[in-house]
Amino acid sequence: MDSLVKSPWVVHYNCNSCNGCDIEFLACLTPLYDAERFGILHVGNPKHADMLVVTGAVNHRNSRVLRRVYEQMPEPKVVVALGVCTATGGIFAEGYNVLGGIDRVIPVDVFVPGCPPRPEAMIDGIVAALSRLSAKGRGQEVGPAKKDRITYQRPSDPAAEGKDDAAHRP
Amino acid sequence: MTTETIIRVLAALLAPPLIGALCFGLDRKITARFQGRIGPPVWQPFYDVAKLWRKEPMVLNRVKTLYVYLHLAFMMMVMVLLVLGEDMLMVLFAHAFSSIALILGAMSVRSPYSRLGAMRKIMQMLAYEPVLVLMVVGIALDNASFSASDIWVRPQPLLYSLPLVFLAFFVAALIKLDKSPFDVATSHHAHQELVKGVTLEFSGPYLALIEITHFYETFLVLAVMAFFWITEPAVGVGLAAAGFLGLIVVDNISARLTTRSMVKIMWTVPLMLTIINILWLYR
Amino acid sequence: MESVLVGLLIFGPILMGVLAWLAPGNRSRVLVVVLGAAGLSAVGVFTAWRGPFDFIPSTWLPWGPWAMFALEALEDVIITYIGYRLASQAIVVCGVVQFGLTLTEEYFRFQNPYLTQAPHFMVDPLSLILVLIITVIGSLIAVYALGYMERHAHHAPSSAGSNGRFFFFLMGFLGVMNWVVLTDNIQVFIICWEATTLCSFALIAHDGTGEALASAKRALLFTAFGGTANMAASAIGMAQFGTGDLTGLMAAGAMVPITLLCVGALTKSATLPFQSWLLGAMVAPTPVSALLHSATMVKAGTYLILRLAPSFTGTRLSDVLALCGAFTFALAAGLAIGQSNAKRVLAYSTISNLGLIVGCAGINTPLALAAALMILCFHAASKGLLFLCVGTIEQEIGSRDIEDMGGIRFRLPATTIITLVGMASMLIPPFGMLLSKWMAIEASIHSPLILMLVVAGSALTMVFWVKWMGRIQTVSYHPEERLEKLPPSMLTALVVLVLIVLACGLAAMPIHRTWFEPMVIQIYHGKLEAIRAAQSLVQLKAVSHLAIWPVLVLLGGAFLAWLGHRTFFKGRHERLPFLCGENVVAPDRFYSFYSLKDQPDSAWAASMYLTSVFSETKLTPWANLLALMILMSLFVMGGVTP
Ligand code: SF4
């Protein structure tokens, strides 16, 4: 049995969400939904986490934060994007500062649709990501997640790439 | 050295983490039930450690990883010294150095959360160390020997002569196992103000080693509780179970205190209880 | 043979000091000091290896007693003169009283022909331990001082004395200090004791600044006060008990002189309430702090108490010393928590450990005395080393504040590792300091109050060491490390001393078993009431049987595991610290984060100093008052008689 599947530890990062998704995600931890049944722990920092749960439409200001949080997670790791905001920008897509879709910043493994998604759907999404985590743990290549129905996509914007990335660490 | 000693040492190194992990799993299960949840399976700590072991050994600098090994080594030393029947005060010191190793590891990086967690861990040690030392002295006074091997051969349970010390130890155990209201340095529950405090900058296998040390520690705390009634092992185990349940209850019903109030509380009530108890032994 | 050894130990260093002073240039001084140090440590080790002996000079000139009188009177006059020059009435009073006491002593001495005989040397194991410390560690510190003082001279104030003068006092001090521990005659003891006081004064005042002079003045006042108590003890001993020897006083059970000697010893060892002079003495150049104010001179006080201890078992004096020492141990450890000045932390730690030695001597059982001896030895080595490390760090980074020492592991990797070993040897098993603290706790379980103080003290000690250790090894990620360049003399001294510390530390238990255990058993032979002695001996035996191998095996295993791990861990797993994702990623600022307005700011967490409790201003007055009351309890209610 794959231990990676049995104990997904989650870090949650809110990049510019309306808090709707966040509240629903926190509801997952409550007795009603009880995500810990599956060993899901909310560890609150990337250093211990296997899974990054992102909510909100990423913008120019916090894209670099999202990238750092992702970088600071140990391999293997997966990203679960909650809500339509993370997929396309959702209702914020027209915003002057919105990048529209976190897959422009970091590779995403699972998109969970909804505005906000229901907690059941979120837990489903996390569990769905586990198979990809396990595959990564075995060293297999997994491609990026497919966004099945994309309602809106902004033209690509070179300024979206963060400004401090000139010198990556070795 | 006889084969029997070797077997005992090996048992002391292998059994405690298993038992400790089970207890920790039970802890999580019981906590979940208190909160009206189903909770993870009792085997969850094993899964966690197995998973952490497979993760990337990510660090900030290489030297700090030495301290993780020391953290575990000192805790194993506690077990070995105990089964060899060595001096209990020495055992206690080895135990303290396990925490010190973790603190030094956390302080050896320039990470503010980790440093703050380490400072708080020092305060935790300052809070409980006198109580633990006096507990050992109390046991030694009652036994007329500091040797751990002499604790087995007692006419009557330790709890008869050291009831207040047991209470004080209970409070100290809250700190040792990072339970509310004293989980200031790091916490097993989701969020806290220091992110994960002292363990923050350890990930992957290093965190696994820290978790294993924590299992040893859980076992050790429960074993000490059981020692208070070791004349009848069944009662002793019952006592440990009751103490464990008590720890979980307190963990669930209390909110976190500040470091300062933790030291103040520890140096007043439990320390005084211990001192009164010990003075009574001198009579 | 014996006369040669004693002569070399005493007059060798003094001669070297004179030569070092007269040396025309720096290079000849280096030669003199290095050769002198090598020779002295060789003689010291040889003497210790040869074992104890009694030695009475076979030739004793008729004017010998007069020479002793002249020396003592000269010192009194010097003290009075210094007091006059520094406009300190208290010192002048001390000097004048000392002169009066000297005259009294001489009056009684010349009445009793027995007392004018040649002063003899009694070299027992205790003296040999001290001789070993003085010669080996003292020589290393003198070698270190060569490099240190050369650098020091570059930025020392213009008022500072010459380096030649410095080495005269430093080397000369080793000679008189040897004399202090070798002699049995109280008068010679006092002459040398005062000479160490004067050396200490001269070395503290070396920089000649106002602060240095004020500290030197305070040091002189406190230690001269102690010297006065010693002289009174000597005078009473001669007048009332007709003896001028320490052994004579002990045999006669002369409680009044012994008590006075103990008071003198307490001032020298800077136990509360006499601690302030030792803190002030930290303005001296660091080799002085290492040599006089931690490794040797302050140990003279504890040496005297340890020497006298068997003569006052079970008396009020013993109890008061135990309480006073344990109180000092706990309070000084607490005060160290509130300090961020590295040398002051070391000073408080020294005071604390001296307190524990005094406390153990006061507990006065074989186990306690063994603990005291362990502390005496291991503390001298470790603390000498730590002072040298702090001196090096201070010269390199230009600050002695602990908070400024973050990141030195990158700038000074070798010094940092040596410092860490030094600190570990103060705290962590299997090093001797931890073992001795452990023995001290076990020895103190028969008196609850002492026990509580010792327990509290060890918890507080741990806090300030761990805090500091954590700070000096805080380091950012740096791709490559390079070794720092230190003057060869400093590096040699540091490396040799750290090797000594490591070797002694790892062999602490065998050392205890081979030397200290038989020694204390012999010291207390027939001196304790049967039950207590039996108890303590059982305890001592139990302690000696501690198995150290699990400690070594497991620590070694951890180290090997780490080393093995390192080899296939090639740097690619290194990441930035968690700063909520706001890290600045640029080649030179790995540890900064974007703060307000996207401006980079660096993350910093200061250590806790708990100044609401452990600040000097709040704690010291109360601590001093309490300590004074403890001491005063000697003199009220029935006095010092058993
Ligand atoms: S998906 Fe909907 S609920 Fe979630 S953050 Fe976006 S707007 Fe809010």
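Computation of the quantities below employed the complete heavy-atom set of this structure, encompassing side-chain atoms and omitting hydrogens, waters and symmetry-equivalent molecules. Below, chain A is the first sequence line, B the second, and so on; all start at residue 1.
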Subject >> Separation of B/F182 CZ from B/T259 OG1 (nearest 0.5 Å) >> reply: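 If I round to the nearest 0.5 Å, the distance is 11.0 Å.
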Original post:
Side chain, backbone, both or neither: which part of A/A35 has a non-hydrogen atom closer than 4.5 Å to chain B?
Top reply: neither
Subject >> Proximity breakdown for A/L4 and chain B, heavy-atom pairs closer than 4.5 Å >> reply: both
Original post:
Which bit of B/F202 comes within less than 4.5 Å of chain A, counting heavy atoms only: side chain, backbone, both or neither?
Top reply: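 Only the backbone of B/F202 comes within 4.5 Å of chain A.
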Original post:
Considering only heavy atoms, which portion of B/I38 lies under 4.5 Å from any heavy atom of chain A: side chain, backbone, both, or neither?
Top reply: both
Original post:
Who among B/L207, B/V49, B/L200 has the most heavy-atom pairs with chain A under 4.5 Å?
Top reply: B/L200
**OP:** Using a cut-off of under 4.5 Å on heavy-atom pairs, state which of B/K29, B/E201, B/R37, B/R28 scores highest against chain A.
**Re:**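 Counting heavy-atom pairs under 4.5 Å, the top option is B/R37.
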Original post:
Does the side chain of B/P40 reach to within under 4.5 Å of the side chain of A/F38, using non-hydrogen atoms?
Top reply: no
**OP:** Would you check if B/H71 and B/I210 make a side-chain contact, meaning some heavy-atom pair closer than 4.5 Å?
**Re:**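 Counting from C-beta outward, B/H71 and B/I210 do come under 4.5 Å.
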**OP:** Salt-bridge test for A/E75 and B/K55: reply yes if a basic N is under 4.0 Å from a carboxylate O, no otherwise.
**Re:** no
**OP:** Applying ring pair (Phe, Tyr, Trp, His ring centres under 6.0 Å), run through B/F74 and B/H95 and close with a yes or a no.
**Re:** CA-CA 6 Å; B/F74 274 117; B/H95 176 247; over 10 Å; no
